[in-house]
Amino acid sequence: DREELKKLLPAGDQAGVDGWVLTNTWGGEFDLGRSARLQGGWSGRLLSALSASRLEEARSLTSKPLISVGGIYSSEEARRRMELGADLIQFYTG
């Protein structure tokens, strides 16, 4: 979440991290809305909104390169990630 990013990104920057890969997978509980919650390890399209949100938060906290991963299944989403601050994106089909 944002509070964890506020701690992690500056600490990594100070430790010499050259850049960050964000949101390849999500572990634990995932809220799908509509009173649906899932438990486990998640990746792919399910992470699209969460990945975009974390990218935007991370960009506000670091100037290091950011690679956005997770839920990028269209050229529109790829463009959106670049607009949100990604320096690179990773996408592939499941």
Notebook entry, point to check: Between the main-chain N or O of Ser68 and the side-chain N or O of Arg81, is there a donor-acceptor pair closer than 3.5 Å?
Noted result: no
Checklist line | Transitive ILVMFWY side-chain link Leu5 to Val17, under 4.5 Å | finding: yes
Checklist line | Asp13 vs Trp20 side-chain heavy atoms within contact, under 4.5 Å | finding: yes
Next item on the list: Kindly work out whether a path of hydrophobic side-chain contacts (I/L/V/M/F/W/Y, heavy atoms less than 4.5 Å apart) joins Leu61 to Leu84.
Entry: yes
Margin query: Any side-chain to backbone donor/acceptor pair from Ser51 onto Gly70? Under 3.5 Å, distance only.
Written below: yes
Next item on the list: With rounding to the nearest 0.5 Å, note down the distance linking CD1 in Ile89 to CD in Glu77.
Entry: 9.0 Å
Checklist line | Any side-chain heavy-atom pair of Gln90 and Ile72 under 4.5 Å | finding: no
Next item on the list: Would you sort out whether Arg54 and Glu57 count as a salt bridge (charged side-chain N to carboxylate O under 4.0 Å, His left out), showing the intermediate values?
Entry: CA-CA 5 Å; Arg54 292 300 186 262; Glu57 292 169 358; 3.6 Å; yes
Item checked: Nearest non-hydrogen partners of Leu22 and Leu55, listed with the distance -> CD1-CA, 3.9 Å
Item checked: Single-linkage hydrophobic cluster, 4.5 Å side-chain cutoff, Leu66 and Leu88 together -> no
Notebook entry, point to check: Can you name the side chain to side chain contact (heavy atoms under 4.5 Å, CB included) partners of Glu83, sequence neighbours left out?
Noted result: none
Check: Are the side chains of Asp87 and Arg59 in touch, meaning some heavy atoms are under 4.5 Å apart?
Finding: yes
Next item on the list: Please lay out, stage by stage, how Glu4 and Lys7 fare under the test salt bridge (charged side-chain N to carboxylate O under 4.0 Å, His left out).
Entry: CA-CA 5 Å; Glu4 290 175 3; Lys7 295 175 190 171; over 6 Å; no
